[in-house]
There are 2 protein chains.
Amino acid sequence: MNALVREPRSQSIEDYLKVTYQIQEQSQWVTTSALAERLGHAPSSITNMVQKLQKLGYLDYTPYYGFRLTDKGKRLALGMLRHHRLLELFLVKVLGYTWDRVHEEAERLEHVVSGEFVERIDRLLGHPRLDPHGDPIPTEEGRLQETTHPRLLECFAGESVMVRRVSDASGEFLRYAAELGLVPDARIEVVECAPFEGPIRIRVQGKDHYIGRDAARRIFVERKNAKSSKPKRPLP
Amino acid sequence: MNALVREPRSQSIEDYLKVTYQIQEQSQWVTTSALAERLGHAPSSITNMVQKLQKLGYLDYTPYYGFRLTDKGKRLALGMLRHHRLLELFLVKVLGYTWDRVHEEAERLEHVVSGEFVERIDRLLGHPRLDPHGDPIPTEEGRLQETTHPRLLECFAGESVMVRRVSDASGEFLRYAAELGLVPDARIEVVECAPFEGPIRIRVQGKDHYIGRDAARRIFVERKNAKSSKPKRPLP
DNA sequence: ACAAAAACTTAGTCGTTCCTAACTATAGGT
DNA sequence: ACCTATAGTTAGGAACGACTAAGTTTTTGT
Ligand SMILES: [Mn+2]
Ligand SMILES: [Mn+2]
Ligand SMILES: [Mn+2]
Ligand SMILES: [Mn+2]
């Protein structure tokens, strides 16, 4: 009996598991269409691959319902996130990339760099905890510092907050955010929030900007010691 | 008529063209079996792919005879060599790899790094001309400084030579060579050559070693008539 | 010169990963 | 409750790049 069946681990499999992990961080069950959307594939392709990944023990799958990673699947997904985020930081800090250009490069590199490569850039970077967008980097053992910062959208007028994370889903948005100085560790004052789903007025480095709600949804912040204790209009 | 047919350029295609280039540097016509040997594939796989590459205009092929790269094929092959060799040097100089471990990593990375990545490491490394094994790095425009150094095997007793290039085909050999100090820019005195295909006695950094003919075939040297000043190279 | 060996090509197949089209199950609205 | 819109699955197929087995061409040895 040959128990040593070769375990395939293609680039496709790695991306499926990585993105599944990212989706299930928010919604308990991952759906076919959610993964199809994020990977840019037809839903039927997802069904096929998910069935294969279940056979390989990477996830638990209930037809017509959804799926979730097993521990084995999570371990692999966290490995990919570690590769991806360390690579992004490496590209910024060592090669001088801007933070809006690193995602595509890391998306390809993450699948081919060896463990040795990753550990070497980890050491070179001084064992960093966050990537250029403020996303936490899993440890080599697969531990991830969970972050649950509120969105800038959820803040009240008068609050003084600090940028902790910026969604890296769109390079265009990252360029816009950088222009406004909305980068991790930047201090923001929420000056006012227009009613009726209106824009938000913020002050960054002494300059005022009006940003839309979509933008404010992509910025995650940490509340500082509030200097105004009078919450005004909450933003739902 | 849509003349803008997408030009496929898979990892496989890139490796076929790169290795074809390396083979045709020495033998005018590249044969199916030579490429099969180097790529570790069955000969029939080579025939298939070569026919495809001819249709794509990357090489000229005469059945049962052999093939050669077209200018288009050469351009692509030189690009891959540039990627590969710059990556190898980068791994040694920036990430601290030893010169016997870089080939496998570069073999995978060469296909996924962007042009921007390559130009950034090129700048970081100061536009180097040689990789860690002494192989020349093609320029961005695809120009390659041809090197035709004689092999150590071809030297006579009494000659004083300088190592210029060490075959990177085997990691094991590279470890052995480094142990003996046989790295680019090392000075060697050929003390004696045993007759009847015997070993060669060399002196490196004051120490004598007997090396076999297979080893001496893998070392390329420059004959030193006088003291010439060449750019220095770091030890891997 | 000719038969055997070696080199090469052709034919047919397989695994991987994607697709479209057709089918099926679940969820909402009335 | 039922009927339909939506989400999900199955079926069938294409492109790619490898393989083995079988056939063809070229080279080699006597
Ligand atoms: Mn990826
Ligand atoms: Mn990121
Ligand atoms: Mn390669
Ligand atoms: Mn090399």
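Quick note: numbers below take in every heavy atom, side chains included, and nothing from hydrogens, waters or symmetry partners. A, B, ... follow the sequence lines: proteins, then strands. Residue 1 opens every chain. These numbers come from a predicted model, not from an experiment.
- Rounded to whole angstrom, the span from the OH atom of A:Tyr16 across to the P atom of C:dT17 amounts to 9 Å.
- Here the P atom of nucleotide C:dT16 and the CD atom of A:Gln51 are 15 Å apart, to the nearest Å.
- For B:Pro63 and A:Pro63, each mapped to the nucleotide of DNA chain C holding its nearest heavy atom, the one lying further toward the 5' end belongs to B:Pro63.
- Nucleic acid contact class of A:Phe67 (heavy atoms, under 4.0 Å, all strands): none.
- With no hydrogens or angles considered, a side-chain donor-acceptor pair links A:His111 and A:Glu14 at under 3.5 Å.
- We find that CG of A:Leu56 is positioned 12 Å from C1' of C:dT16, with the value rounded to whole Å.
- With A:Thr20 contributing its side chain and A:Tyr16 its backbone, the two residues share a donor-acceptor pair below 3.5 Å.
- A heavy-atom distance below 4.0 Å to DNA chain C is reached by these residues of residues 26-45 of chain B, ordered by number: B:Thr31, B:Thr32, B:Ser33, B:Pro43, B:Ser44.
- Formation of a donor-acceptor pair under 3.5 Å by the A:Thr70 side chain with backbone atoms of A:Tyr58 is found in this model.
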> Is there a side chain to side chain donor-acceptor pair (under 3.5 Å) between B:Arg108 and B:Gln11 once you walk through the steps?
Replying inline: CA-CA 9 Å; B:Arg108 282 173 282 112; B:Gln11 162 160 162; over 6 Å; no
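- Proximity of A:Lys52 to the phosphate of C:dG15: no side-chain N or O atom is located under 4.0 Å from OP1 or OP2.
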>> Please determine whether side-chain contact (heavy atoms from CB on, under 4.5 Å) holds for the pair A:Thr31 and A:Glu37, giving the CA-CA distance in whole Å, both sets of side-chain angles, and the decisive distance to 0.1 Å.
In response: CA-CA 10 Å; A:Thr31 63; A:Glu37 163 86 34; over 6 Å; no
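- Contact footprint of chain A on DNA chain D: nucleotides with an atom under 4.0 Å from a non-hydrogen protein atom, first to last in 5' to 3' order, D:dG8 to D:dT10.
- Note that A:Arg164 lies outside the cation-pi zone of A:Phe220, set by a 6.0 Å cut-off to the ring centre and a 45° limit from the axis.
- Counting non-hydrogen atoms under 4.0 angstrom, B:Ser12 reaches the backbone sugars and phosphates but no base.
- The interatomic distance linking B:Tyr64 (OH) with C:dT9 (C1') rounds to 4 Å, in whole Å.
- Side chain of A:Gln24 to main chain of A:Leu69: a donor-acceptor pair is present (N/O by atom type, distance under 3.5 Å, no hydrogens or angles).
- A donor atom on one side chain and an acceptor atom on the other are found under 3.5 Å apart for B:His84 and B:Glu110.
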>> The test is side-chain contact (heavy atoms from CB on, under 4.5 Å); show your working for B:Met80 and B:Leu17 and say whether it passes.
In response: CA-CA 9 Å; B:Met80 293 317 299; B:Leu17 295 175; over 6 Å; no
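- The nearest heavy atom of DNA chain C to A:Asn48 and to A:Tyr65 marks one nucleotide each, and the one closer to the 5' end goes with A:Asn48.
- In this structure, CD1 of B:Ile46 is placed 13 Å from C1' of C:dA7, rounded to the nearest angstrom.
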